[in-house]
Amino acid sequence: RLLVRLKAAEALGRIGNPSAAAAIQKSLRTGSSDRFLEHALIYALIQLNSREQTLPLLADANPHVRRTGLIALDQMSRGGLQRSDVAPLLDTDDPLLQQTVLDVIARHKGWADEIVTLVKQWLKSNKLTEPQSRSLAGAIVAFSNEERIQKLVERSLANKETPHANRVLLLQAMARARLAAFPAGWTELLKKILIGDNAALRSEVLSVAHSRGMTQFDAALKRLAGRTELPVEQRVMALRVVAPRLKALPDDAFDLLVSRFSEDVDPLSRLSAASALSQARLNDRQFAALTKIIEREGPRSEERRVGKE
């Protein structure tokens, strides 16, 4: 079967009918780890030499298809690849696609500078479209190891004039950044937001700290968990982040977490509290109390489930 697909790709390329791009796209979706077949499909697209028929591959849900379409458009004589075609592809967690996008940008003189300029413009806009928001996040993730992007992220996040939605987007992109460690400026800014008065941004910082396994905020997180004026969900999340490194779980923190097992609490909030407790070092009293809660809630949960059925 692999040999048949390989020969079919070669034939489609030789025939040169642009409408064959749809068949090639379908073959790419089928998937294969064979490099010879991948090369044959890319070369067939290049031989078809049709921007119009190849461009739809860049919007395919499959990152492998998007990558193949990008390579073909970049190499065909009539591909007419533009920066605006490439920018949306930056929003991906697929390492092969992201690397290919960066390679293409690097080969086109001035594109990297244009991407940075575009990111600056988008960060100031309060009317970004959904595709623009995805492209902005993707560009930040893809270029997060460049100092100029790091400085731009820091300045824009710190600037209260930056639209709120864009500041949230920046924090979400930071969580995905391909960096072993954050720049010092980022870490300091995250701490300021964490102890500041912007509740929405604080929630995003908590998510960043959790997803990145950051330990730099442990002292601030312990204080945050004890601030009764803050939203309960944020206090629980703070405990979830810091619990594995606490020598002992304070009684008030334990009481807060077990209070989230109530039926009227959102399931995700209950899960967050359970996760924090599962990682915490409980004393004998806390362990006994939690055991009783589990024994009590287990049968009740089963009864509620059966009742619904």
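Counting begins at 1 with the first residue of the sequence.
- Residues Ile293 and Phe261 have side chains in contact (heavy-atom distance under 4.5 Å, counting atoms from C-beta outward).
- Side-chain contact, Gln98 with Arg178: a donor N or O sits under 3.5 Å from an acceptor N or O.
- Shortest non-hydrogen contact noted between Arg260 and Glu233 is NH2-OE2, 3.6 Å.
- Panel note: side chain Asn283, backbone Ala248; no donor-acceptor pair is recorded below 3.5 Å.
- A salt bridge is absent between Asp218 and Arg223: the closest approach of a Lys/Arg side-chain nitrogen to an acidic carboxylate oxygen does not fall below 4.0 angstrom.
- Nearest approach of Phe182 to Met174, heavy atoms of both residues: CZ-O, 3.2 Å.
- With hydrogens and angles ignored, the 3.5 Å screen pairs a side-chain donor or acceptor of Asp85 with a backbone N or O of Gln82.
- In this structure, Met237 is not a member of the same hydrophobic cluster as Val265, with clusters built from ILVMFWY side-chain heavy atoms closer than 4.5 Å.
- Ser275 and Gln279 share a side-chain donor-acceptor pair at under 3.5 Å.
- If you take CG on Leu170 and CD1 on Ile140, they are separated by 4.5 Å, rounding to the nearest 0.5 Å.
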Verdict with reasoning, Arg202 to Asp197, per salt bridge (Lys or Arg N to Asp or Glu O under 4.0 Å): CA-CA 8 Å; Arg202 188 189 305 118; Asp197 57 4; over 6 Å; no
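- With Leu171 as reference, Leu190 is the one residue of Leu206, Leu189, Leu190 to meet the side chain to side chain contact (heavy atoms under 4.5 Å, CB included) rule.
- The pair Asp94-Arg66 does not meet the salt-bridge criterion, since no charged nitrogen lies less than 4.0 angstrom from a carboxylate oxygen.
- Between Arg235 and Asp252 there is no salt bridge, since none of the side-chain N atoms of the basic residue sits less than 4.0 Å from a carboxylate O of the acidic one.
- Taking both residues in full, the closest heavy atoms of Ala273 and Leu257 are given as CB-O, 3.5 Å, listed atom of the first, atom of the second, then distance.
- A chain of hydrophobic side-chain contacts below 4.5 Å, direct or via other Ile, Leu, Val, Met, Phe, Trp or Tyr residues, connects Leu230 to Phe254.
- Annotation for Arg240 and Ala276: closest pair CA-CB, 3.6 Å, computed over non-hydrogen atoms.
- Between His108 and Trp111, the ring-plane angle classifies as parallel under the 30° and 60° cut-offs.
- Note that NZ of Lys222 and CG of Leu224 are 13.0 Å apart. Values are rounded to the nearest 0.5 Å.
- Closest non-hydrogen pair, Leu58 versus Leu70, comes out as CD2-N, 3.4 Å.
- The closest side-chain heavy-atom distance from Leu179 to Trp186 is below 4.5 Å.
- The only member of Thr215, Leu246, Val242 that meets side chain to side chain contact (heavy atoms under 4.5 Å, CB included) when paired with Leu221 is Val242.
- Taking CG of Leu152 as the reference point, atom CD of Glu146 lies at 11.5 Å (rounded to 0.5 Å).
- At least one donor-acceptor pair under 3.5 Å links the side chain of Ser211 to the backbone N or O of Val208.
- Taking both residues in full, the closest heavy atoms of Ser50 and Met76 are given as N-SD, 3.6 Å, listed atom of the first, atom of the second, then distance.
- Going from atom CG of Leu128 over to atom CG of Leu169 covers 8.0 Å, rounded to the nearest 0.5 Å.
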Gln286 and Leu249: CA distance, side-chain angles, deciding distance, side chain to side chain contact (heavy atoms under 4.5 Å, CB included) verdict: CA-CA 9 Å; Gln286 292 169 346; Leu249 184 67; 4.1 Å; yes
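- Atom CG of Leu45 is separated from atom CD of Gln75 by 11.0 Å, given to the nearest 0.5 angstrom.
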